[in-house]
Each structure stands twice: as structure tokens, then as C-alpha cells.
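Structure first, then comments.
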Amino acid sequence: MPGTVLNLPEILLTDTFSGKKVPLATLVPGAVGIYCCGPTVYDLSHVGHARAALVPDVIVRFLRAQGYRVKYVRNITDIDDKIIARAQRDGIAAADVAERFAAEYHRDLDALGMLRPDVEPRVSEHLPEIVALVENLVAKGLAYVVGGDVYYRVAAFHLYGRLSGRNRAELLDGAGSRVEVDERKESPLDFALWKAAKPGEPAWDSPWGPGRPGWHIECSVMSSTHLGTSFDIHCGGRDLIFPHHENEIAQSQGAYGEHTFARYWVHNGFINFAGEKMSKSLGNVWTIRQVLDLYPAETLRYFLLTVHYRTGLNFEIEERATGVRFPGLEDADDRVAYVYETLAGARGELGVASGSDAAGGISPGEVTPGVADLAAAFAEAMRNDFNTPAALGVLSKPLAEVNGLIGSGKGVARDVRRRTLARFLADLRTVSAVLGCFGQAPATFLATRRDLKAARMGLDTARVERLVAERGAARAARDWAAADRLRDELAALGVAVKDGPAGSVWSL
RNA sequence: GGCGGCAUAGCCAAGAGGCUAAGGCGACGGUCUGCAAAACCGUUAUCCCCGGUUCGAGUCCGGGUGCCGCCUCCA
């Protein structure tokens, strides 16, 4: 809107390129373009992929909540050596492999409550643009043709290495020591823009003969096609800094000029198992699906948000005779349940129907201090480099206050109490819009959680119900000894019983 | 070998030089309870080591030590 004064609060983010935490100044005030390196679809996605998708997801959600107009682009790499290898192994077409695992990817991310990107381009839909960019680079002397292959001439791009903090001499030093060097390349640092097809491989026509794009060129093309040759934020895993993102910069800036391409680089840290990076070669990969068979999706989501996105996240595992256990997820699960219990309590107190929150009629006036600060403190934490662990910390005080009000509310005026609960419910909706947590009907989450937990524990729910009923009878007869014995029996099964005025309920 | 990152309480984890170092888990004490559980209240750290810059450093600089990542496909 021309002429409109935009008064958006300052947002800080850590930019890998400058290595600093800097204020976000977008190309177009009030608007943000984000590109995220998506998956190569040749297998089920693992927890690391979930994190890589979650980081931009939360950034996009938050920026929108702050009033930005966001265009979110995340690609799907559907042409790749690994896809071809899988297709050959399974004896099906590469395109079918890609199609299948792209669908699986969506299924997993949808389960985790991730927003679909506004545009989800695929390499296979951008061949003409890719060929054009490669031709452009060849014309500029930044690429050369060898047989049916085209390579980027790294020596011709003087800015090479800026993102990853390397220079060409250092790189040359290391190069070749670990990998065989293709003799036909002018330099070991040169990378493929276009690869000639071998017999039986999928191929597209090009001026250099049938072949397919190299890995890096696709992101240069898809980002500029959908966001322009300059855009705001580029996301991806830390491991992509070199060479993938370095090469993207070489391609894009080589073609469009030094001050083009991504203005901010946001890289997420890894997920580790027992202190080591999760990777297929180490055989310690957990797919999203494996985890979601054991824990609610929201629990995994919450767990991933308990650590700042740039930091490594330890995913501890305890292997037991009865099965695997993830202590970190266990804690997250309890915490999410605590939030939902509180939400349920606040709703019950206000007589809010389970379908609607109906907290619409919050009158202005006093609320308890923690709840009063909730929304502002949450936004402030998020503005500081999308600090989700700090933002989650902000919830503790209000949660405790609200539970206090639900418990007795002694000493708090009735109108303050109702207003506080209503405000809390309203603010939690804002929180859930940003984090993608705490947005379900409490009963739904709690039931899902209990079922999964019972399954994990191999619990016989019918037996539990029977014991609880027996104990209820004992309590009614004031036979405390029998009641306590039954409670111990339940406790041994991992079941906790709570006695309330309305009777006993059990939980895990 | 080169480059990058990290080191905060028993454990997990925030903290872009300055009020009493967030928060969670656990532990301990208390309120509530038939006793419990849940919930609530309270207690629980001087930031790996050495040196420097500064009126002032967990936060900046230099040097150690120890982890991790990247340099090959990789979120």
C-alpha cells in the first residue's frame, strides 16, 4: 500500500553470511520472500528434515503474525542421482520414485502441522530456465563445456568462498585429498551445472546434448523464478553452507551481479544421537514416521522448538528390552500435556464450549501480572532471532498463574479471574498460530497422547479401568488399606490415579 | 591439515557489555489431600582454564583445553 506508514517492530536474525545477528530489513518494506532448500525425494524423511522444515515454518508464521506479507518458497528436488539409484534398485521409473516420496514428505509434514509453502517448485518443472541459466554462465565465461557436461569455472568467480569463510587456495589444498578428481575439470573446485545422461538415465534435451541439471543450479533457478533474482531470506541446514549454498551464490551472482540473491542466510543446526550427527552412513537415522508411531506429532514439534534453531539438538535414545525410549521427547510430551491440561482447565472454568474458545468478550481491565505480559513477552522473544526456547520459557509464569486460578483463585476478584482466563486463552491462540503448538482441542491431544503412551508401555487399559473401579469401591467403603494397595498396583503399571470430588481419574 | 561452531546449576536450555544469570526436568521444603497424585508456593549457578580491553564481560579480544560440524552425498 503506497503511502502507508509501516511501523513494524524490529526483528533480529542471525545471518550466516555476515556472521552476525542483524535487524531484518526487507527488500520491500512489509514483505518478505523466503526460499528454503527442500528435500531430495528418494526415501522417507527423518527427524532432521522435520527440523529443517520447521525452522522456516515458524519464521513464516511469526512474520505473518507480525504483519508481514510473506511469500514462502520451498522446492522439491525430484531429479537427482539418489533418486535414479533408488529407481534402478526398485525397478521403477525415477519420476515415480520422486512422486511417491514427495507425497510421503507431505504426509509427514502435514502431520507435524507445517504450513504448505506458497510455491513448491520442482526441478522437473524448470528445465528451460535451468538451461537458460547455464547458457548465461557459459556466455559469461563462468562455465565451460566438456563433452556433454557443463562445469562452473570457480576460478572465474572472485567472490567464491565468502559464505563459508574459505578461499580458493585453502579449498584447493583440501580438494582431491578425499575424493577422486574428474580429470576433465579445469580445477577440482569446479562443479557440475549439467550432467550428460548415461544410457537408461532420465534425460532432458539441452544445447549440450541429453542430460540433467547438477544439484546446485536448481536452487538458483527456482529461487529467482519465484522470488526474483534478489530476495530476503534463504534457509537450509548447516551442512548446506558448503558447497551447496556457496555454489548457489556463485551461480546466481555470477549471472545477475554481486549484490543479488539472498540477503540473509539462516541455517539450522543438526539433530544428534549420542553426540553424533544423525546420518544414514552412521545408521542412526530415525524417520519422522517412526517417531510419530510412538509420540503425538505435536510433542515432536514442541521438542524441536525447545532448542534454538541454530544449535545442535540431542535426540537421546534409551534402548530397552521393552522398546526404545526418548527421554527428551518424554519430557516434551509431559510439558505439552501440562499446557493442554491448563487450557482445558481454563476453558472449563469459563464454561467455554469445547468447539469454540468464545473468549471474544474480553473486557479491558486488570489481569494477573504474568498473563498481562504474556503476549508482549512472547513476541519479544520471537523477535530476537526467532528464539523459540525463550518464547516457551515466557509461558511458564502465566501457566502457573492460570493453574492457580483454576485451583482456587483465592484472593483474586471474580472479574479479574475471568478476564485473566479469557485473556490467557486468547493469547495462547496467538502463540499457537506462531508455534503450531497448543492449537488443538485439549481433549483431542490428551486422548491421543494417552493412547500412544499406553501403547508404548504395552498397557492393558481394560485392566487399568478395572483396578481403578475396584479402588473406587474400596474408597467409597473407606477401606484405605485396600485403596492404597490398588493404587500401588496401578503405580507399578505406570498409572497415576488422581482422586477428586467427582471420583478418580487415571493418567500416564 | 584448512575452515566454522559450541563449552552456562545434577540433567536440558535461554541470555546481540550494565538492574538480584530466563525457563524446563530432577531434588528438597511447604499448601492442598484420608494418604497420595495433579496443581500451586518456596529453595536449588557467578557462567571450561589463563591473560587482556572496559567504569563494568557469561556476553568483546588473544592464548589454551575439550567436544561437534564442514571440506565427499547429507537438513
Side-chain angles (χ1 to χ4, degrees), chain A residues 12-14 16 19-23 36-40 45-55 80-82 85 161 164-167 169-175 177-180 189 215 235-244 246 267-272 275-281 285 303 306-308 310-314 316 327-328 330-332 334-335 338 341-342 345 377 381 384-385 387-397 399-408 410 475 478-481 483-484 487-488 490-491 495-500 504-507:
Chain A
L12 302 172
L13 78 172
T14 301
T16 307
K20 289 181 186 150
K21 201 192 269 191
V22 293
C36 168
C37 283
T40 299
S45 299
H46 60 227
V47 190
H49 295 111
R51 190 180 195 195
L54 180 59
V55 170
D80 178 88
D81 293 359
K82 291 191 292 296
S164 55
R166 297 153 208 248
N167 61 51
E170 287 163 6
L171 286 165
L172 276 172
D173 228 24
S177 57
R178 302 181 61 173
V179 214
E180 280 178 58
L189 302 188
W215 174 36
C235 296
R238 276 191 111 66
D239 56 336
L240 297 181
I241 295 172
F242 189 90
H244 186 55
E246 197 69 75
H267 289 107
N268 65 272
F270 285 110
I271 290 182
N272 306 309
E276 276 189 309
K277 169 186 171 177
M278 177 170 73
S279 77
K280 292 204 170 187
S281 51
V285 170
F303 174 68
T306 57
V307 175
H308 186 83
R310 307 189 73 233
T311 318
L313 198 183
N314 290 318
E316 301 300 335
E330 213 69 53
D331 289 350
D334 291 345
R335 189 66 181 166
Y338 165 77
E341 299 274 12
T342 308
N384 187 7
D385 201 15
N387 194 333
T388 56
L392 292 173
V394 162
L395 302 180
S396 294
K397 182 88 187 304
L399 247 5
E401 278 181 4
V402 167
N403 272 311
L405 294 179
I406 295 167
S408 70
K410 272 187 197 129
R475 289 187 75 235
R478 302 197 145 253
D479 181 354
W480 306 128
D484 290 351
R487 185 171 57 204
D488 289 344
L490 285 159
V495 178
V497 242
K498 300 181 209 180
D499 302 326
S504 302
V505 291
W506 62 276
S507 62

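Each chain gets a letter, A, B and so on, in the order its sequence line appears, and its residues count up from 1.
- Between A:R310 atom CZ and B:A14 atom P the separation is 12 Å, expressed in whole Å.
- At a threshold of 4.0 angstrom between heavy atoms, the contacts of A:R475 include nucleobase atoms, whether or not backbone atoms are also involved.
- In this entry B:U53 has no Watson-Crick or G-U wobble partner, no candidate having both defining distances under 3.5 Å.
- At a threshold of 4.0 angstrom between heavy atoms, the contacts of A:A390 include nucleobase atoms, whether or not backbone atoms are also involved.
- Taking 3.5 Å as the limit, the base of B:G15 and the side chain of A:N387 contain no donor-acceptor pair of atoms between them.
- No contact: A:K397 has no heavy atom under 4.0 Å from any strand.
- At least one side-chain heavy atom of A:S504 sits under 4.5 Å from a side-chain heavy atom of A:D499.
- When the C1' atom is used for both B:C47 and B:U8, the distance is 4 Å, rounded to whole Å.
- Closest to the side chain of A:H49, out of B:A13, B:G15, B:A75, is B:A75.
- Using a 4.0 Å heavy-atom distance criterion, A:I271 is classed as a base contact.
- Base-pair partner of B:G26: B:U44 (Watson-Crick or G-U wobble, both distances under 3.5 Å).
- The CG atom of A:N272 sits 12 Å away from the C1' atom of B:A75 (whole-angstrom rounding).
- The partner of B:G17 is absent, by the rule that a Watson-Crick or G-U pair needs both atom distances under 3.5 Å.
- Taking atom CG of A:L399 as the reference point, atom C1' of B:A22 lies 15 Å away to the nearest angstrom.
- Taking every side-chain heavy atom of A:F270 into account, B:A75 is the closest of B:C40, B:G34, B:A75.
- Minimum interatomic distance between A:H267 and A:G237 (heavy atoms only, all atoms of both residues): CD2-O, 3.4 Å.
- Proximity of A:N314 to the phosphate of B:C12: no side-chain N or O atom is located under 4.0 Å from OP1 or OP2.
- Counting only heavy atoms from C-beta on, A:S396 has its side chain closest to B:G23 among B:C35, B:C70, B:G23.
- In this structure, the CG atom of A:L313 is 16 Å from the P atom of B:C6, given to the nearest Å.
- Using P as the reference atom, B:A75 and B:G69 are 16 Å apart when rounded to the nearest Å.
- Within the 4.5 Å cutoff, the side chain of A:T16 has no heavy atoms near those of the A:R238 side chain.
- Across all strands shown, A:I241 has no heavy atoms under 4.0 Å from either base or sugar-phosphate atoms.
- Annotation: side chain of A:H46 is not in contact with side chain of A:P39 (no heavy-atom distance under 4.5 Å).
- No engagement by A:S45 is indicated, since no non-hydrogen atom pair under 4.0 Å with the nucleic acid exists.
- Residue A:Y338 places at least one side-chain N or O under 4.0 Å from the OP1 or OP2 atom of B:C40.
- In this structure, B:G58 forms no base pair with any nucleotide, since neither Watson-Crick nor G-U wobble geometry is met with both distances under 3.5 Å.
- A donor N or O paired with an acceptor N or O is found under 3.5 Å between the base of B:C35 and the side-chain atoms of A:R487.
- A 4.5 Å side-chain heavy-atom check between A:L395 and A:R335 finds every atom pair outside the cut-off.
- On the C1' atoms, B:G58 is 16 Å away from B:U20, given to the nearest whole Å.
- In this entry the distance linking CD of A:E401 with C1' of B:C40 reads 11 Å, nearest Å.
- At a threshold of 4.0 angstrom between heavy atoms, the contacts of A:N268 include nucleobase atoms, whether or not backbone atoms are also involved.
- Only the P atoms considered, B:G64 is 42 Å distant from B:G26, to the nearest whole Å.
- Comparing B:G5, B:A13, B:C41 against the side chain of A:R238 picks out B:G5 as the nearest.
- Side chain of A:N167 to backbone of A:A169: a donor-acceptor contact under 3.5 angstrom is found.
- Here B:G4 sits opposite B:C68 as a Watson-Crick or G-U wobble pair (both hydrogen-bonding atom distances under 3.5 Å).
- With RNA chain B read from its 5' end, the first of the two nearest nucleotides for A:D499 and A:G165 is the one closest to A:G165.
- Neither OP1 nor OP2 of B:A7 sits under 4.0 Å from any side-chain N or O of A:T311.
- On the C1' atoms, B:C19 is 16 Å away from B:A57, given to the nearest whole Å.
- No hydrogens or angles were tested; on distance alone, a donor-acceptor pair under 3.5 Å links the side chain of A:H46 to the base of B:A75.
- Each of A:F242 and A:R478 has a nearest nucleotide on RNA chain B; the 5'-most of these lies closest to A:R478.
- At B:A38, none of the side-chain N or O atoms of A:K498 fall inside 4.0 Å of OP1 or OP2 (strictly under the cut-off).
- Within 4.0 Å (heavy atoms only), A:R166 reaches at least one base atom of the nucleic acid.
- Of all nucleotides present, only B:U31 satisfies the Watson-Crick or G-U wobble test against B:A39, with each distance under 3.5 Å.
- Here, B:C35 and B:G24 have their P atoms 28 Å apart, quoted to the whole Å.
- Rounded to whole Å, the distance from NE2 on A:H267 to P on B:C6 is 15 Å.
- The side chain of A:V307 sits closest to B:A13 out of B:G69, B:C35, B:A13.
- Summarising the geometry of A:K498 relative to A:E341, their closest heavy-atom pair is NZ-OE2, 4.5 Å, with the distance given to 0.1 Å.
- Proximity of A:Y338 to A:L399: side-chain heavy atoms (C-beta onward) are separated by under 4.5 Å at one or more points.
- Taking atom CG on A:L490 and atom P on B:A38, their separation rounds to 15 Å, with Å as the unit.
- Taking the P atoms as reference points, B:C71 lies 26 Å from B:G62, given to the whole Å.
- Between A:D331 atom CG and B:C11 atom P there is a gap of 15 Å when expressed in whole angstrom units.
- Across all strands, A:G48 comes closer than 4.0 Å to base atoms (heavy-atom distances).
- Candidate nucleotides B:A14, B:A75, B:C25 were compared by shortest atom distance to the side chain of A:L240, and B:A75 ranks first.
- Annotation: side chain of A:L12 is in contact with side chain of A:P23 (closest heavy-atom distance under 4.5 Å).
- Spacing between B:G56 and B:G18 at atom P, rounded to whole Å, works out to 14 Å.
- Each of A:N268, A:T388, A:D385, A:L313 was compared with A:H308 under the side chain to side chain contact (heavy atoms under 4.5 Å, CB included) criterion, and only A:D385 meets it.
- Residue contacts for A:G269: at a heavy-atom cut-off of 4.0 Å it reaches a base atom on one of the strands shown.
- Across B:C35, B:C41, B:G15, the shortest atom-to-atom separation from the side chain of A:A400 is found for B:C41.
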